[in-house]
K.L.:
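Dumping the structure here so I can ask a few things about it.
In what follows, chains carry the letters A, B, and so on, assigned in the order in which the sequence lines appear, proteins first and then strands, with residues in each chain numbered from 1. Remember, predicted model here, so these are calculated numbers, not experimental data.
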Amino acid sequence: MQKPSIPKGTRDFTPREMANRNYIFNTIKEVFCLYGFQQIETPAMENLSTLMGKYGEEGDKLLFKILNSGDYLSGLSDEELQGRNSAKLTSKFSEKGLRYDLTVPFARFVVQHQNEITFPFKRYQIQPVWRADRPQKGRYREFYQCDVDVVGSDSLLNELELIQIVDEVYRRLKINVCLKINNRKILSGIAEIIGESEKITDITVAIDKMDKIGLEKVNEEIASKGISADAIAKLQPILLLSGTNLEKLQQLKVVLAASEVGMKGIAEMETIFGLCDAMKVKTQIELDLTLARGLNYYTGAIFEVKALDVEIGSITGGGRYDNLTGVFGLQGVSGVGISFGADRIYDVLNQLNLYPETSVEQTKILFVSFGEQELLYCLPWLTALRAKGINAEIYPEPTKMKKQMGYADNKRIPFVAIVGETEMNEGKVMLKNMVSGEQVLSTLEDLIEQLG
RNA sequence: GUGGUUGUAGCUCAGUUGGUUAGAGCGUCGGUUUGUGGUACCGAAAGUCGCGGGUUCGAGCCCCGUCUCCCACCCCA
């Protein structure tokens, strides 16, 4: 028989790995809750009409599409099949797809539930998303995103709080990070000043590659998109900005003086930097004009977080979108949000081995016994310990000690309660510390005190 | 979507110019030990050598195809 396997780009997680992953999810959740965000969930699959066209041309190709139930070819004529036009045929036999991110389904959710929602609406969502990408380092076809968004508020305090959340989450996870920040309005201003407003997407995609391919290649790429030499010349001082964040903004003010939208972006950034400063945000924050982010729905601040000690893509990203719900028919709702890439954070933590010694989920005590009588004797003890919130289990068969102790050892259970005739006669158990090897004849109260 | 790379036991890997019955370590299970795990010693189970075809008296090894893993590009978390 063929060995069973799982699809490309997906992973299984063992109990030990899940304990580590839950540590990440729990940490992120706790911080989200501290800031008043509430959890929602949406279905794994959405109608393709909801998903298509929201992620650009590339994004549409990366959507996993779900075949219609039943005879999905029944509605198709032979001519249509002969035409072999995949794009056209797909819409005929697939009307659902797996979600590509959490933001677009969230926008759909907001529009659909607009009359039940009190604005500003602060929600968080931790669920897997799927992309038909080719897997490689730090890239999976199924991965978890942890999204926090606020919709229905234009205030830049929301941007501040998201930055504080990033600050707090990575402080708790002990990952050193750099928060890169930019503003779509500044990018628009730049396009306006050099007279290529309609080419803004091409320009941002190109300058996003500054780090990777360097100034010269970026200029080549911009030129190849049909942008004039004159405009490229005007772009140069902007690509070469230097100094502190505020110094960069001062230089930009000179260049962008004639652009209303550009100046607005600069003002926003000044406010955000000022707030971060006042609130003593510790994470290193860097204004990075090469940060563009491919998603075209952003309209204001853009964020991206990179781990400093591990070579991996960005581990968190997000930004302000003024009209995400507009495509679903609800105008004038502004939102801002970020997404923590749980699977990349997991990879970072694995590489740096930053997990806490003990997991809250782990069993604290295992009861082992020598016979059927002893098994029954243990049951009330287990109930009592569990009532106190202590994770306790019993080895369900009175087999050899070696086997039972080995079980405790393998599960890294720190305490074992050994029960035989002697202990039963005294109404106690032999409590063994698996690390030190010490053992003490103990009462129930002793156990609760030791483990509680 | 483009290019490169990998595939032998549950895991990590050996395997001679093509030659009998494909090996090791770790892990698993059992025993040494019927009141004690993590150490030690002994033993066992476990492989269609990714899959399909070809060359050959003979293929884990050579050839073709295919799938897969990983990596880079594109794009992204």
K.L.:
Both P135(A) and F143(A) contact RNA chain B. Which one's nearest nucleotide lies toward the 5' end?
P.N.:
P135(A)

K.L.:
So do the side chains of V169(A) and I345(A) get within less than 4.5 Å of each other, counting heavy atoms only?
P.N.:
no

K.L.:
So, R141(A) and D133(A), do they make that salt bridge, N to O below 4.0 Å?
P.N.:
no

K.L.:
What is the distance, to the nearest angstrom, from the CG atom on D60(A) to the C1' atom on rC75(B)?
P.N.:
13 Å

K.L.:
Under 4.0 Å, heavy atoms only, any strand: does G313(A) hit a base, just the sugar-phosphate, or nothing?
P.N.:
nothing

K.L.:
Base, sugar-phosphate or nothing for G437(A)? Non-hydrogen atoms, less than 4.0 Å.
P.N.:
base

K.L.:
Between rC74(B) atom P and R131(A) atom CZ, what is the distance in whole Å?
P.N.:
17 Å

K.L.:
Taking ring pair (Phe, Tyr, Trp, His ring centres under 6.0 Å) as the definition, give me every residue that meets it alongside F370(A), ordered by chain and number, with sequence neighbours left out.
P.N.:
none

K.L.:
I'd like to check the ring pair (Phe, Tyr, Trp, His ring centres under 6.0 Å) partners of F32(A); sequence neighbours left out, ordered by chain and number.
P.N.:
Y124(A), F340(A)

K.L.:
Can you find a donor-acceptor N/O pair under 3.5 angstrom joining the side chain of D409(A) to the base of rG37(B)?
P.N.:
yes

K.L.:
Grab the N/O contacts between the protein and nucleotides 2-4 of chain B below 3.5 Å, and write none if there aren't any.
P.N.:
{"from": "rU2(B)", "atom 1": "O4", "to": "R134(A)", "atom 2": "NH1", "distance (Å)": "2.8"}
{"from": "rG3(B)", "atom 1": "O6", "to": "R134(A)", "atom 2": "NH1", "distance (Å)": "3.4"}

K.L.:
Starting from C1' on rC76(B), measure out to CH2 on W130(A) and report it in whole angstrom.
P.N.:
17 Å

K.L.:
Out of curiosity, K248(A) NZ to E286(A) CD, how far, rounded to the nearest 0.5 Å?
P.N.:
5.0 Å

K.L.:
Could you tell me how far rC74(B) sits from rG3(B) if I compare only their P atoms? Round to whole Å.
P.N.:
16 Å

K.L.:
How are the rings of F121(A) and F109(A) set relative to one another: parallel (under 30°), tilted (30 to 60°) or perpendicular (over 60°)?
P.N.:
parallel

K.L.:
Give the rounded distance in Å between these two atoms: NZ of K54(A) and P of rC75(B).
P.N.:
22 Å

K.L.:
Do R139(A) side-chain and rC70(B) base share a donor-acceptor contact under 3.5 Å?
P.N.:
no

K.L.:
What's Y144(A) touching, base or sugar-phosphate or nothing? Going by heavy atoms closer than 4.0 Å.
P.N.:
nothing

K.L.:
Please map the stems of RNA chain B, keeping only stretches of three or more Watson-Crick or G-U wobble pairs with both distances under 3.5 angstrom.
P.N.:
B:1-4 with B:70-73, B:10-13 with B:23-26, B:28-32 with B:40-44, B:50-54 with B:62-66

K.L.:
What interatomic distance, in whole Å, is found between P of rG15(B) and the corresponding atom of rC62(B)?
P.N.:
13 Å

K.L.:
One character per nucleotide, please: for nucleotides 25-35 of chain B, 5' to 3', B when the base has a protein heavy atom closer than 4.0 Å, S when only the sugar-phosphate does, - otherwise.
P.N.:
----S-SB--B

K.L.:
On a whole-Å scale, what distance lies between the P atoms belonging to rU48(B) and rG10(B)?
P.N.:
8 Å

K.L.:
Please state the C1' separation for the pair rC49(B) and rG18(B) - nearest whole angstrom.
P.N.:
15 Å

K.L.:
Distance check needed: rA77(B) P versus L62(A) CG, whole Å only.
P.N.:
11 Å

K.L.:
Is the phosphate of rA72(B), meaning OP1 or OP2, less than 4.0 Å from a side-chain N or O of Q136(A)?
P.N.:
yes

K.L.:
Are the side chains of V129(A) and F143(A) in contact, using a 4.5 Å heavy-atom criterion?
P.N.:
yes

K.L.:
Report the C-alpha separation of E161(A) and K122(A) in whole Å, then their side-chain angles, then the decisive distance to 0.1 Å, and conclude whether the salt bridge (charged side-chain N to carboxylate O under 4.0 Å, His left out) test is met.
P.N.:
CA-CA 11 Å; E161(A) 291 212 325; K122(A) 302 172 78 168; 3.4 Å; yes

K.L.:
How far does the C1' atom of rG65(B) sit from the matching atom of rG25(B), given to the nearest Å?
P.N.:
36 Å

K.L.:
Could you work out the separation of rG35(B) and rC29(B) based on their C1' atoms and round it to a whole Å?
P.N.:
23 Å

K.L.:
Ring-plane angle category for Y346(A) and Y355(A), please: parallel below 30°, perpendicular beyond 60°, tilted otherwise.
P.N.:
tilted

K.L.:
Distance check needed: rU36(B) P versus N433(A) CG, whole Å only.
P.N.:
18 Å

K.L.:
Looking only at the aromatic ring of each residue, does the gap between the centers of Y144(A) and F25(A) stay below 6.0 angstrom?
P.N.:
yes

K.L.:
Using the side chain to side chain contact (heavy atoms under 4.5 Å, CB included) rule, pick out the option among N391(A), V416(A), L447(A), V429(A) that qualifies with I365(A).
P.N.:
L447(A)

K.L.:
Kindly state each residue pair satisfying salt bridge (charged side-chain N to carboxylate O under 4.0 Å, His left out) with at least one member in residues 19-34 of chain A, sequence neighbours excluded.
P.N.:
R21(A)-D343(A), E30(A)-R172(A)

K.L.:
Do the non-hydrogen side-chain atoms of F106(A) and V151(A) ever get within less than 4.5 Å of each other?
P.N.:
yes

K.L.:
Using whole Å, what does the distance between atom P of nucleotide rA77(B) and atom CG of D147(A) come to?
P.N.:
10 Å

K.L.:
Find the distance Y407(A):OH to rU36(B):C1' and express it as a whole number of Å.
P.N.:
17 Å

K.L.:
Determine the Euclidean distance between corresponding C1' atoms of rG50(B) and rA45(B); express it in Å to zero decimal places.
P.N.:
23 Å

K.L.:
Looking only at side-chain atoms of K432(A), point me to the closest of rU36(B), rC75(B), rC76(B).
P.N.:
rU36(B)

K.L.:
rU5(B) and rU68(B): how far apart are their C1' atoms, nearest whole angstrom?
P.N.:
12 Å

